[in-house]
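Inspection log for the structure reproduced underneath, given as structure tokens.
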Amino acid sequence: GNDGPCSITTDASGNFYGAAYVSSANMPFTDPGGTAYYRTSSSTSPGLIVKFNPSLAIVWCTFFADKAQYITDITTDPVTNNFCITGSTYDPSFLPLTDPGGGAFYDPGTAGQSAVFFTIFTPAGVVYWCTVYSGTTNSNSYSVSYDPSGNLYASGVTASTDFANVNPGGGAYQQTAPGAYGSFIMKFNTSLALVWATEIGGTSANSVCLEGGFDVVSDGSLVYLYGT
């Protein structure tokens, strides 16, 4: 089938995670048991999540969601060993939407335009947080990463003029709706509250890369954003 990798990551215990897009039905599905998220069927080409233990044995393999959910990146939390996937969705009703409470950002979204989604799983594969983030027109997330303290950062592109920006103050960079398309960067704290979200870019579609090429990382002191 038309299968391909999207992203890989490891956790502090030496487990290895992979995310991919697939059209094949005969994947090495593995249910880790308990209340882990687990799907073996899909009506369209879904995302795929795979976990290998330190001996590289498959301990979890599942389809993710349905109906045009595109995984673009996967990363692990150095503090909790939870892991997060991000991507885009055209119908959030097929996501395992989950609000963990405690002040975490949560938006169930609406079907229609492409929207950003985030999903965090525990090391056992249980969904801890799953939310949508978007404006009224297309938005796509390309990169997600944690800093050493467990704060979560994401970057991507949006065509929305009403993308929900958050200004933390203190001189933080802030730009709203720079043009037809702009890249965005956002930060969630360790409670998954949204503490910073801004757009950055020029005034035309040519000013950003719409096919990916974005990456965001933080060392806890600075945030680095790469793109074209």
Side-chain angles (χ1 to χ4, degrees), residues 5-20 29-39 46-65 69-89 92 94-109 115-133 141-156 185-197 215-220 223:
C6 299
S7 182
I8 59 172
T9 189
T10 58
D11 65 20
S13 300
N15 298 294
F16 163 62
Y17 299 84
F29 297 112
T30 304
D31 184 356
T35 56
Y37 180 89
Y38 184 63
R39 291 187 59 142
L48 184 80
I49 303 170
V50 183
K51 178 181 179 179
F52 299 84
N53 67 18
S55 299
L56 298 181
I58 295 176
V59 295
W60 183 41
C61 181
T62 181
F63 280 152
F64 179 74
Q69 324 291 329
Y70 300 104
I71 303 174
T72 54
D73 202 11
I74 184 171
T75 188
T76 51
D77 184 342
V79 177
T80 65
N81 267 359
N82 289 343
F83 67 97
C84 179
I85 61 172
T86 191
S88 59
T89 177
F94 288 91
L95 293 169
L97 295 166
T98 303
D99 181 2
F105 177 87
Y106 179 72
D107 180 1
V116 172
F117 75 82
F118 302 100
T119 305
I120 290 179
F121 298 87
T122 69
V126 178
V127 177
Y128 177 73
W129 178 54
C130 183
T131 185
V132 171
Y133 189 96
S141 177
Y142 292 133
S143 178
V144 65
S145 66
Y146 287 95
D147 69 17
S149 299
N151 297 296
L152 183 67
Y153 298 82
S155 64
I185 183 170
M186 61 181 65
K187 175 185 178 180
F188 300 89
N189 66 17
T190 56
S191 298
L192 298 175
L194 183 64
V195 295
W196 179 44
D215 200 10
V216 60
V217 294
S218 174
D219 60 8
V223 181

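- By the side-chain contact (heavy atoms from CB on, under 4.5 Å) test, V59 pairs with K51, N53, sequence neighbours left out.
- Considering every non-hydrogen atom in both P32 and A36, the closest pair reads CG-CB, 3.4 Å.
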Without placing hydrogens or testing angles, list every side-chain donor-acceptor pair under 3.5 Å for residues 115-125, not counting sequence neighbours.
unit_1, atom_1, unit_2, atom_2, d
T122, OG1, A124, N, 3.3
T122, OG1, V126, N, 3.3

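- For the pair I71 and G47, the tightest heavy-atom approach, listed with the atom from each and the gap, is CD1-CA, 3.9 Å.
- Looking at residues two or more places apart in sequence or on another chain, you find a side chain to side chain donor-acceptor pair (under 3.5 Å) between S7 and D73.
- Checked by atom type and distance alone, the side chain of T76 never pairs as donor or acceptor with a backbone atom of N81 at under 3.5 Å.
- N151 contributes atom CG, which lies 9.5 Å from atom OG of S191 (distance to the nearest 0.5 angstrom).
- Crowding of I8 atom CD1: a count of heavy atoms from other residues, nucleotides or ligands under 6.0 Å not exceeding 12.
- With sequence neighbours excluded, the residues forming a side-chain contact (heavy atoms from CB on, under 4.5 Å) with T80 are D77, N82, listed by chain and number.
- Here the side chain of W60 pairs a donor or acceptor atom with the backbone of Y37 at under 3.5 angstrom.
- Rounded to the nearest 0.5 Å, atoms OG (S141) and OH (Y70) are 15.5 Å apart.
- Other residues, nucleotides and ligands place no more than 12 heavy atoms under 6.0 Å from the OH atom of Y128.
- The OH atom of Y17 sits 11.0 Å away from the OG1 atom of T75 when rounded to the nearest 0.5 Å.
- Note that CZ of F16 and CG of D11 are 11.5 Å apart. Values are rounded to the nearest 0.5 Å.
- Side-chain contact between F94 and T89: absent, with no pair of heavy atoms (C-beta onward) separated by less than 4.5 Å.
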CA sep, side-chain torsions, deciding dist, call: L192, Y106, side chain to side chain contact (heavy atoms under 4.5 Å, CB included): CA-CA 9 Å; L192 298 175; Y106 179 72; over 6 Å; no
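- For D107, the side-chain contact (heavy atoms from CB on, under 4.5 Å) test picks out F105, T131, with sequence neighbours left out.
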Audit row: Y153, D147, side chain to side chain contact (heavy atoms under 4.5 Å, CB included) steps and yes/no: CA-CA 8 Å; Y153 298 82; D147 69 17; 3.4 Å; yes
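- Remark: P54 engages N15 in a side-chain contact (heavy atoms from CB on, under 4.5 Å) (not counting sequence neighbours).
- Looking at P108, S88, P92 one by one, the single match for side-chain contact (heavy atoms from CB on, under 4.5 Å) with V132 turns out to be P92.
- Atom CG of D99 is separated from atom CH2 of W129 by 10.0 Å, given to the nearest 0.5 angstrom.
- Separation of atoms SG (C130) and CD1 (I85) is listed at 7.5 Å; rounding is to 0.5 Å.
- Contact between T190 and S149 at its shortest, heavy atoms only, is CG2-O, 3.3 Å.
- The backbone N or O of V216 sits less than 3.5 Å from a side-chain atom of S145, completing a donor-acceptor pair.
- When all heavy atoms are compared, the tightest approach of D215 to S143 is OD1-OG, 2.8 Å.
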